[in-house]
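The structure under discussion appears below in the form of structure tokens.
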Amino acid sequence: MCGIVGYLGRENCKDILLDGLKELEYRGYDSAGVTILQEEFANFRSVGKLDGLVNKMEDFQVEGFSTGIGHTRWATHGKPTEDNAHPHYGSFTHIVHNGIIENYIEIKRELLQKGYSFTSQTDTEVIVHLFEEKLKSSETNFEAFQKTISELDGAYALLLITKDEPHRIYFAKEGSPLILGTDFENGEQFFASSDAPLIGKVKSVIYFVDGEFGFVEGERVTLYNSTGEIEKIYSQLPKDREVAQKEGFRYFMEKEIYEQFQVVSDTLMGRVLDSKIDFDEFPPELFDGINEIKLCACGTSYHTALASSYLFERVGKFRVSVEFGSEFRYKNPLLTKDTLFVAISQSGETADTLASLKMAKNSGLRTLAICNVDNSSIVRLADHSLLTRAGIEKGVASTKAFATQMVVLYMLSIYVGKLRGNLNVDEVLKEIQTLREIPNTLQVTDDLHEKIKRLSKRYLHGHGFFFIGRDIFYPLALEGALKLKEISYLHAEGYPAGEMKHGPIALADPELFTIALLPKTILYEKTKSNIEELGARDSTICVISPENFDLADDFIRTKPHNHYMLEFFEMMLVVQLLSMEVAIRLQNDVDMPRNLAKSVTVE
Ligand code: AGP
């Protein structure tokens, strides 16, 4: 996810900005850049790791007072190229921006008509040209800045510097984080998109909230919101860097579970339109002559593949098959060219998935990657790729990568269904409405987390866990079981609820814990009977459902929803939180569980 830094003062602006960007590296990025304004602008941008940018700036010196802005970019609109890297610039203004400007296409169209030319494919570049355009009808730069941000729809945290006011930085925040630190003694101002770059530089900071904007000059801050000029109280900055990166959460995994609602909004952004799904990453012709989609992945990504196979068939009415990377590569599969091969991977480096993708390519299949890391091996190899936009995932046990993969595959199933004429207008609208509601469903409430925290103390022993569910809740049960075993080291298995009586039920006794996914909107009565069968054999049962279940030993209530996918995402949160709370109580290292690696590059 993108990062922002800014500085104004007499210290070495270049070093301060580069140090700040270094602190933001943990969030993930694929290009970086810096602009420093002394007499003139100096702009440096490079693709890849920060070292490239550092090398480019090697001979550049800063003397005396200067103003600077810097950025690490995680590509959303446009590839990770130097032209697409921030800061973007117009004739006399430079800008860095996090977030996504939803109406950038309309703004760009108008600016092109007025004669502006663009050097990047980004949504951000429109802001800088719009500012210079607004200036023509404004008395001051600030007025032009206000007019500019009032025309932006979407999310932004942005910093803007302009040549005739070299001692000023304009800023605005809506939907993306932005923090200001002030050193009153030395008249220095520091901006960043999270705490980490500010630690050691300043003690007190302002955490801007949505709708705030203004400018800094010397040690002064001029701040506005929709009501007019406002005063803001400074807060204390955390002292420890890793604590700062965790943003108040105990573990990265916890932070990543909590930020799912936000990253899923990024995944949807620009792809979910009023009455259709739009992917500018590949042409619709990708599906010409395709009769089957083959989804291939490992681990958690395999569970997304399996879950989405229900969506492709039910929603998109399109044939799919699902393969484990480690199995597929050695089974001498029969591959035909009417198959689209889809490799799903968080890291983009998983050896078995990569080898399977190579095989598919060598057999002449068209290929698509669904991945969280641009420029990874899988993305580079596939013909096309859809990035999941989860931001870097630090917890080894995957959470937000799973959620964003699910959302991409859900969108793809609607896209394919519409493309093939398998969905009518109303059906498309219904699925789109559901997609839009997913981020809200992913908000972790205090009540839910507290309930799971308390309940987790009863699940620290026993001879095993069954996670059970039907239909798309079966792959979710598999994922719940995988999460629990990865970080708690307790034995857990996922099963289709209807399979119990074919063998596994022999294990049922009070020391066997059943975690039952019981949605209301799909196969409710059938799943309920399967849970009762286990209860009758004395298994200890925890039911997750919006409906009361009198026979359960424990019960976690979810909200009622009108679509099974909203139930799916809420239950996903529950199993993630439950696994994490059990592991925390067992005093395990939740972020770095034993024997596991984040990127599995060996077979
Ligand atoms: C998930 O919690 C795991 N750590 C693991 O199963 C992972 O999903 C698997 O190794 C595949 O990784 P990938 O998505 O990066 O390809």
Side-chain angles (χ1 to χ4, degrees), residues 28 251-257 260 263 267 294-308 322-329 341-358 360 367-382 385-409 467 475-490 492-494 572-573 575-580 582-583 588-603:
Y251 292 94
F252 282 108
M253 182 183 179
E254 186 176 34
K255 171 173 166 274
E256 286 156 8
I257 292 173
Q260 289 181 112
V263 293
T267 311
K294 198 175 270 301
L295 304 167
C296 181
C298 300
T300 286
S301 300
Y302 174 82
H303 296 153
T304 347
L306 195 59
S308 68
V322 183
E323 306 278 354
F324 279 114
S326 54
E327 287 296 310
F328 182 76
R329 61 186 295 193
F341 186 89
V342 180
I344 307 165
S345 172
Q346 177 278 130
S347 61
E349 303 297 342
T350 302
D352 288 322
T353 311
L354 184 60
S356 302
L357 174 62
K358 274 185 194 149
T367 58
L368 174 69
I370 294 182
C371 191
N372 197 36
V373 182
D374 203 355
N375 272 326
S376 57
S377 305
I378 287 177
V379 167
R380 278 186 276 119
L381 188 63
S385 55
L386 287 173
L387 295 179
T388 51
R389 305 178 182 165
I392 201 163
E393 191 178 60
K394 280 202 133 188
V396 168
S398 189
T399 52
K400 61 177 181 168
F402 175 81
T404 51
Q405 285 172 350
M406 257 335 283
V407 169
V408 168
L409 285 156
F467 282 69
L476 183 59
L478 288 174
E479 175 58 10
L482 181 69
K483 283 289 84 77
L484 186 72
K485 70 184 134 201
E486 279 186 307
I487 56 176
S488 72
Y489 318 140
L490 294 169
E493 298 302 331
M572 176 200 77
L573 269 190
V575 295
Q576 291 171 343
L577 287 167
L578 181 63
S579 310
M580 187 188 73
V582 168
N588 295 342
D589 186 339
V590 168
D591 287 332
M592 271 187 274
R594 71 185 185 201
N595 306 339
L596 299 179
K598 188 68 193 158
S599 184
V600 185
T601 53
V602 290
E603 64 171 301

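Numbering of residues begins at 1 and proceeds along the displayed sequence. Atoms within each ligand, like the ligands themselves, are counted from 1 in listed order.
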| field | Heavy-atom side-chain proximity of Pro593 to Tyr489 below 4.5 angstrom | value | yes
| said: Do Thr399 and Met580 have side chains that approach each other closer than 4.5 Å (heavy atoms only, starting at C-beta)? | reply: no
Within the 3.5 Å criterion, strictly below it, is a donor on [X] or [Y] matched to an acceptor on the partner's side chain?
X      : Y      : answer
Glu393 : Ser398 : yes
Ser301 : Gln346 : no
Glu349 : Ser376 : no

Identify, by atom number and element, the atoms of ligand 1 in contact range of [X], meaning under 4.0 Å from any of its heavy atoms.
X      : answer
Ser398 : 1 (C), 2 (O)
Ser347 : 13 (P), 15 (O)
Val396 : 2 (O), 4 (N)
Ala397 : 2 (O)
Ser301 : 8 (O), 13 (P), 14 (O)
Cys298 : 8 (O), 9 (C), 11 (C)
Gln346 : 13 (P), 14 (O), 15 (O), 16 (O)

| request: Kindly compute the distance separating CE (Met253) from CD (Glu486), expressed to the nearest 0.5 Å. | output: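 Result: 8.0 Å between the selected atoms.
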Heavy atom of the protein closest to [atom] (residue, atom name, distance):
atom                    : result
atom 7 (C) of ligand 1  : Thr300 N, 4.0 Å
atom 5 (C) of ligand 1  : Glu486 OE2, 4.0 Å
atom 12 (O) of ligand 1 : Thr350 OG1, 3.4 Å
atom 10 (O) of ligand 1 : Val600 CG2, 3.8 Å

| query | Contact between Glu349 and ligand 1, counting heavy atoms under 4.0 Å? | reply |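 No, that is not the case, since the closest heavy atom of the residue is not under 4.0 Å from the ligand.
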| field | Short N or O distance, Gly299 and ligand 1, threshold 3.5 Å exclusive | value |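 So ligand 1 has no N or O lying under 3.5 Å from an N or O of Gly299.
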| Any N/O of Gln405 closer than 3.5 Å to an N/O of ligand 1? |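 No: no nitrogen or oxygen of Gln405 is under 3.5 Å from one in ligand 1.
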| Is the shortest side-chain N to carboxylate O distance from Arg329 to Asp352 below 4.0 Å? |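 Looking at Asp352 together with Arg329, the answer is yes, because their closest N to O distance falls below 4.0 Å.
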| Do the side chain of Gln405 and the main chain of Phe402 share a donor and acceptor less than 3.5 angstrom apart? | no
| said: Given Ile344, which partner from the list Thr353, Leu409, Thr300, Thr388 fulfils the side-chain contact (heavy atoms from CB on, under 4.5 Å) test? | reply: Leu409
